[in-house]
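Below is one structure, written out as structure tokens, with a few remarks after it.
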Amino acid sequence: SAVISQKPSRDICQRGTSLTIQCQVDSQVTMMFWYRQQPGQSLTLIATANQGSEATYESGFVIDKFPISRPNLTFSTLTVSNMSPEDSSIYLCSDPTRETQYFGPGTRLLVL
Amino acid sequence: GQNIDQPTEMTATEGAIVQINCTYQTSGFNGLFWYQQHAGEAPTFLSYNVLDGLEEKGRFSSFLSRSKGYSYLLLKELQMKDSASYLCAVTQSSGGSYIPTFGRGTSLIVHP
């Protein structure tokens with residue numbers, strides 16, 4: 001089974017600041033997904049992180065707000081920029097190339 | 001687009017059996033996931049159905065009917081630790097990855 005780790009596990013941030021979340025997978029994968037789960041809601045796909053090309057964003061999410069890096073096949077970062085309280089969520093990365101769709105442990109973000 | 005519907009909340013008694021339904025409308029259907037998510041934690045994979053029929057894994061079973069756009073998760077011999085949110089997610093195949101869309105989740109409360 002895949003091992004996916006994320007850092008930080010949680011953070012409390014002030015509005016207007018930015019936070020970069022890291023995701024590490026224990027094997028090489030072509031694509032990685034980034035999700036957001038707002039309080040009491042289900043998971044919403046933010047974007048697909050592609051190695052060697054720009055990320056593909058879902059409707060309602062833009063690169064300026066959620067820039068993504070994918071420097072190699074085992075690592076990706078998601079930045080939440082210019083944060084507001086509405087960005088308070090759990091952010092999860094996942095490995096979509098396996099049917100079991102493994103998730104990282106998540107990053108719990110609270111914006112004050 | 002995709003439309004996924006599952007009940008918001010269910011309650012059941014320890015030792016009993018509960019069935020959580022999920023209906024969906026989607027184009028390009030590939031398969032259907034069930035995940036378990038305890039409060040404050042990342043989702044944990046339970047099952048992935050591609051073909052019609054019932055798949056059993058210990059106390060948990062999952063059923064799929066592609067023609068009816070219907071699935072259910074069956075939990076037997078309920079335990080208190082089964083209290084969690086259960087997420088149904090439908091996938092569309094794209095370039096070797098499985099792009100899931102999640103339902104809002106069913107919160108299951110197991111009481112003594």
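Source: prediction; values computed, not measured. Protein chains get the first letters and strands the later ones, always in sequence-line order, with residue 1 at the start of each. What you see below is based on every heavy atom in this structure, not just the backbone, and it leaves out hydrogens, waters and symmetry mates.
If you measure heavy-atom distances from A/Gln6 to chain B, you find no contacts under 4.5 Å at all. When heavy atoms are compared at a cutoff of 4.5 Å, A/Leu43 approaches chain B by way of both its backbone and its side chain.
A/Phe66 and A/Met32 fall into different hydrophobic clusters, where Ile, Leu, Val, Met, Phe, Trp and Tyr residues are linked whenever their side-chain heavy atoms come under 4.5 Å apart, directly or through other members. Grouping the Ile, Leu, Val, Met, Phe, Trp and Tyr side chains by contacts below 4.5 angstrom, directly or via other members, places B/Phe29 with B/Ile4. In the hydrophobic cluster analysis, where Ile, Leu, Val, Met, Phe, Trp and Tyr join through side-chain heavy atoms closer than 4.5 angstrom, B/Tyr86 is grouped together with B/Val18.
Between B/Tyr35 and A/Phe103, the distance from one ring center to the other falls under 6.0 angstrom.
Considering all non-hydrogen atoms of both residues, B/Ala42 and A/Gly104 come closest at CB-O, 3.1 Å.
If you tally non-hydrogen atom pairs under 4.5 Å between each of B/Gly103, B/Ser85, B/Ala89 and chain A, the highest count goes to B/Gly103.
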Donor-acceptor pairs are to be reported for all side-chain atoms of residues 8-16 of chain B against protein atoms at under 3.5 Å, with residues two or more places apart or in another chain.
none

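With values rounded to the nearest 0.5 angstrom, B/Glu41 atom CD is found 11.5 Å from A/Leu92 atom CG.
At a threshold of 4.5 Å between non-hydrogen side-chain atoms, the residues B/Pro100 and A/Tyr35 count as touching.
Atom CD of A/Gln38 has more than 12 heavy atoms from other residues, nucleotides or ligands within 6.0 Å. Within 6.0 Å of atom CZ in B/Arg104, 12 or fewer heavy atoms from other residues, nucleotides or ligands are found, so the atom counts as exposed in its surroundings.
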